[in-house]
Peer 1: 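This is the structure I have questions about; it appears just below.
Residue numbering restarts at 1 for every chain, and letters A, B, ... go by the order of the sequence lines. Both backbone and side-chain heavy atoms feed into the values below; hydrogens, waters and symmetry mates do not.
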Amino acid sequence: MNSCACNARFSAGRAIEAQRILSRRLSLKWPGGEARRALGLDASYARVEGVDVGVGAAVLIDSSTLETLGCSLHIAPVCVPYIPGLLAFRELQVMAPAASALAPHADVILVDGHGIAHPRGFGIASHVGVVLGKPSVGVAKRRLVGEIAVLGGEKVVVSRGAPVAVVIDRPGGPIYVSPGHMIDLKTAVYVVKPLLKHRLPEPTRLADLLGRIARNGLKRQATLGKEWIEGCVVRASGCARSLALRLEGLGFSVEVW
DNA sequence: GCGACAG
DNA sequence: ATCTTGTCGC
């Protein structure tokens with residue numbers, strides 16, 4: 001049974017068309033300067049009283065010290081299904097609101113999923129980059145398109161005759177790094193490497209952790225109060241200087257600085 | 001028609 | 001992504 005809180009139903013055809021249109025705004029040119037602050041984005045889900053609830057999480061990290069500078073959560077019902085190639089339409093429902101407040105302070109955005117290593121060259125990382133007007137990088141744990149090849153001693157993913165992602169072997173498994181928006185493959189790898197402490201880069205890893213902790217709280221019917229949110233953030237990254245909470249329709253989001 | 005298929 | 005028991009290893 002597919003319980004959905006929306007009125008309109010999702011159209012894969014229109015979504016694909018939207019990707020084709022949005023992809024015309026794609027740029028693979030790095031604006032220049034250093035990537036001092038990186039924002040990591042991730043989404044997790046839970047079934048609450050029959051409805052799919054999405055938890056979007058964002059964590060802003062200082063690239064040189066790996067210190068957490070800020071966090072944000074957005075929780076809301078999600079009715080868009082997951083379809084390979086159309087991931088962004090599901091995750092962006094909660095990811096974009098969670099990212100909005102912190103994105104202006106980030107030099108680059110890291111997203112859980114692919115960038116141009118996608119059937120239409122427009123994965124979720126590219127989508128996020130174009131929508132937020134920021135440089136973005138996709139960091140995925142599994143391959144979606146293309147074949148593995150070795151170029152100059154470097155393991156890459158080749159799709160449509162071009163290298164679209166670099167494969168970095170990590171303890172626990174490989175990660176696929178691909179340009180999202182306003183960045184090239186080489187720079188994307190250059191930006192991600194200093195952030196690697198565990199299998200996934202810190203921004204994305206902590207966003208995943210933060211979102212998972214919040215989701216577990218939802219499942220326990222926890223009180224969605226200030227202390228609860230603060231607990232999530234403290235447990236995920238150890239940071240909680242100040243906190244702002246605002247209600248948005250059925251869902252809500254919080255920001256911690 | 002058959003296999004592949006981010007999270 | 002999420003569900004889900006026991007099990008292997010530090």
Peer 1: By the 4.0 Å heavy-atom rule, please label A/L86 as base, sugar-phosphate, or nothing.
Peer 2: base
Peer 1: Given atom CG of A/D112 and atom C1' of C/dA1, what is their separation to the nearest angstrom?
Peer 2: 10 Å
Peer 1: Output yes when at least one side-chain N/O atom of A/R142 is less than 4.0 Å from OP1 or OP2 of B/dG7, else no.
Peer 2: yes
Peer 1: Without decimals, in angstroms, what is the distance between A/E147 CD and B/dG3 C1'?
Peer 2: 15 Å
Peer 1: Send over the distance from A/R90 CZ to B/dC5 P, rounded to a whole Å.
Peer 2: 20 Å
Peer 1: Can you see whether A/Y45 has A/R90 sitting over its ring - NZ or CZ less than 6.0 Å from the centre and within 45° of the normal?
Peer 2: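 A/R90 over A/Y45 ring: yes.
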Peer 1: Taking any heavy-atom pair under 4.0 Å as a contact, classify A/G138: base, sugar-phosphate, or nothing.
Peer 2: nothing
Peer 1: A/L209 has an atom CG; how far is it from atom P of C/dA1, in whole Å?
Peer 2: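 Distance check: A/L209 CG to C/dA1 P gives 13 Å.
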Peer 1: On the nucleotide B/dA6, are OP1 or OP2 found under 4.0 Å from the side-chain N or O atoms that A/K141 carries?
Peer 2: no
Peer 1: Let's see if you can work this out: which of C/dA1, B/dA6, B/dA4 has an atom nearest to the side-chain heavy atoms of A/R143?
Peer 2: B/dA4
Peer 1: Ring-on-base stacking between A/Y82 and B/dG7, under 5.5 Å between centres and under 30° between planes: is it there?
Peer 2: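 Yes; centroid distance and tilt both under limits.
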Peer 1: Look at A/K141 together with A/D112 and state whether they make a salt bridge at an N to O cut-off of under 4.0 Å.
Peer 2: yes
Peer 1: Decide, yes or no, whether a salt bridge links A/D169 with A/K155 under the criterion of side-chain N to carboxylate O below 4.0 Å.
Peer 2: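 Yes, charged N to carboxylate O under 4.0 Å.
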Peer 1: State, to 0.1 Å, how close A/T68 and A/I61 come at their nearest heavy-atom pair, and which atoms those are.
Peer 2: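 Shortest heavy-atom contact: OG1-CD1, 3.6 Å.
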Peer 1: What's the closest nucleotide to the side chain of A/L87 if the choices are C/dT2, B/dC5, B/dG7?
Peer 2: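 For A/L87, the side-chain atoms sit closest to B/dG7.
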Peer 1: Has A/R47 got a side-chain N or O lying under 4.0 Å from the OP1 or OP2 atom of C/dC3?
Peer 2: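 Checking A/R47 against C/dC3: no side-chain N or O falls below 4.0 Å of OP1 or OP2.
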Peer 1: How many Å lie between CD1 on A/I116 and P on B/dA6, as a whole number?
Peer 2: 18 Å
Peer 1: Rounded to whole Å, how long is the line connecting atom CE of A/M95 with atom C1' of B/dA6?
Peer 2: 11 Å
Peer 1: Taking only side-chain N and O atoms of A/R120, does any of them lie within less than 4.0 angstrom of OP1 or OP2 on B/dA6?
Peer 2: no
Peer 1: Nearest-Å distance, CD1 (A/I213) to P (C/dA1)?
Peer 2: 15 Å
Peer 1: What's the CG-P distance between A/L200 and B/dA6, to the nearest Å?
Peer 2: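 The answer, rounded to whole Å, is 15 Å.
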Peer 1: Where do A/Q93 and A/H74 come nearest, in terms of heavy atoms and distance?
Peer 2: O-CD2, 4.2 Å
